[in-house]
Colleague: 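Dropping a structure here in structure tokens format, bear with me for questions.
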Protein chains: 2
Amino acid sequence: MSTSVPLRTPSALADRVQLFHALSDETRLAILGMLRGGERCVCDLQDDLDAAQSRLSFHLKVLREAGLVRDRKEGRWSYYAVNADRLADIETYASELRAPRIAKGAASPSPVLHHLTKAPPTGLTRARRGIAIATATGATKAGAKGLVGDSCCG
Amino acid sequence: MSTSVPLRTPSALADRVQLFHALSDETRLAILGMLRGGERCVCDLQDDLDAAQSRLSFHLKVLREAGLVRDRKEGRWSYYAVNADRLADIETYASELRAPRIAKGAASPSPVLHHLTKAPPTGLTRARRGIAIATATGATKAGAKGLVGDSCCG
DNA sequence: ATGATACAACAAAAGATCTTGATGTGTCAA
DNA sequence: TTGACACATCAAGATCTTTTGTTGTATCAT
């Protein structure tokens, strides 16, 4: 069960941002580290991380809302565990960034030596600013907006 | 050439935080998306992202300092490109979080049904608080601090 | 019932990040 | 030269995140 959001949906970037944001804090990474061994109750995490209860609660909420952990109530205790599916999303999103697109107005791969043609960076982009010189590849530009709406995969 | 920082070094979490923080912003993800096609100059990114120059410059700096992009000057232009090694770190760090540790005071895998023993979550943790009942596994606790200093895979 | 424990949620303050609008520097064409 | 361009950098303010202390709710042992 994948929880990843396809690249071209409106929420695509938002989902990635939420996921990576949840991972961009030492306390939260430490929590996830502790959960590698299996589920733990909040009180355990509190002891080991030596963090105030409300602080821990806050960070657990961030992780929960990002889908990185699940919680389970049992009597007085709340047990938190890693959501492995969501960890897989990290790798999905990372490999997305790796995957080269079909270049639209992009320079390399097959780097174009613009300075040799005396044309600016990607030719047609510069054309908009009044300099109309074709690049060596003659690449056309069609509203390339990077990660969204112009995806090779997803 | 890997740029990842081993788990047990002092800067381990800091490096992960810096990397994930750089990824936790829509503008920056859009930039990385645009760079999938190869290197681009700042002016191109500016056009396509429709972002103020100083704003873009700020985000490029964050990406650069996180090691996710490299820049190259050529005449008036600065070309930015993705650093693939650093993208690999994302996957390294993600799979680290996946890898189960040898449980020290952790509950599942092989989940211990604490409520059946009427003992609290991980037994010895609770003992510190004055409840001394051994768990089914009899797990001992030895300063498990999660991600740091208690790693299975360095 | 009473009191202790485990936790979530909230509000206010503190801190970090992001945006915006300058200002400065190097490059290049005219 | 002069002026236009392509940046980086900075300072101020806006905005977002995190911490801290407090309050509230549910569970449980006594």
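In this text, all values refer to a predicted model and were calculated from it rather than measured experimentally. Protein chains get the first letters and strands the later ones, always in sequence-line order, with residue 1 at the start of each.
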Colleague: For the side chain of A/V42, starting at C-beta, report the closest nucleotide among C/dT19, D/dC7, C/dA8.
Modeller: C/dA8
Colleague: Any idea which of D/dT18, C/dA9, C/dT19 is nearest the A/D25 side chain?
Modeller: D/dT18
Colleague: Check the distance between D/dT17's P and A/F58's CZ and give it to me in whole angstrom.
Modeller: 8 Å
Colleague: Of the options C/dT27, D/dT19, C/dT20, whose atoms approach the side-chain atoms of B/S54 most closely?
Modeller: C/dT20
Colleague: Which nucleotide sits closest to the side chain of A/H59: D/dT18, C/dC7, D/dA8?
Modeller: D/dT18
Colleague: Could you tell me how far apart A/K61 (NZ) and C/dA11 (P) are, to the nearest whole angstrom?
Modeller: 11 Å
Colleague: Would you kindly give the CG-to-C1' distance between A/L56 and C/dA6, to the nearest whole Å?
Modeller: 12 Å
Colleague: Say you draw a straight line from CZ of B/R36 to CD1 of B/I31; how long is it, rounded to the nearest 0.5 Å?
Modeller: 14.5 Å
Colleague: In whole angstrom, what separates B/D47's CG from D/dA6's C1'?
Modeller: 12 Å
Colleague: Using whole Å, what does the distance between atom C1' of nucleotide D/dC5 and atom CD of B/E74 come to?
Modeller: 16 Å
Colleague: Check for me, please, whether A/L19 and A/V5 land in the same ILVMFWY cluster - side-chain distances under 4.5 Å, paths through other members count.
Modeller: yes
Colleague: Measure CZ/B/R55 against P/D/dA11 and give the value in whole Å, please.
Modeller: 21 Å
Colleague: To the nearest Å, how far apart are B/D50 CG and C/dT19 P?
Modeller: 13 Å
Colleague: State whether A/H21 places a side-chain N or O below 4.0 Å from either non-bridging phosphate oxygen (OP1 or OP2) of D/dT18.
Modeller: yes
Colleague: Could you check how far CZ of A/R40 sits from P of C/dC7, rounded to whole Å?
Modeller: 12 Å
Colleague: Is A/E74 salt-bridged to A/R72, going by a charged N under 4.0 Å from an acidic O?
Modeller: yes
Colleague: Would you tell me if any nitrogen or oxygen in the side chain of A/S57 comes within less than 4.0 Å of OP1 or OP2 on C/dA8?
Modeller: yes
Colleague: Does OP1 or OP2 of D/dA6 have a side-chain N or O of B/Y80 closer than 4.0 Å?
Modeller: no
Colleague: Where the side chain of A/S78 is concerned, which of C/dC18, C/dC7, D/dA6 is the nearest nucleotide?
Modeller: C/dC7
Colleague: D/dA29 phosphate, OP1 or OP2: any side-chain N/O from A/R76 under 4.0 angstrom?
Modeller: no
Colleague: Side chains of B/R55 and B/T27 only: does a donor on one sit below 3.5 Å from an acceptor on the other?
Modeller: yes
Colleague: Output the distance between atom SG (A/C41) and atom NZ (A/K73), rounded to the nearest 0.5 Å.
Modeller: 12.0 Å
Colleague: B/R64 or A/S24: which one's nearest nucleotide on DNA chain D is closer to the 5' end?
Modeller: B/R64
Colleague: Indicate, yes or no, whether a donor-acceptor pair under 3.5 Å links the base of C/dA6 to the side chain of A/Q53.
Modeller: no
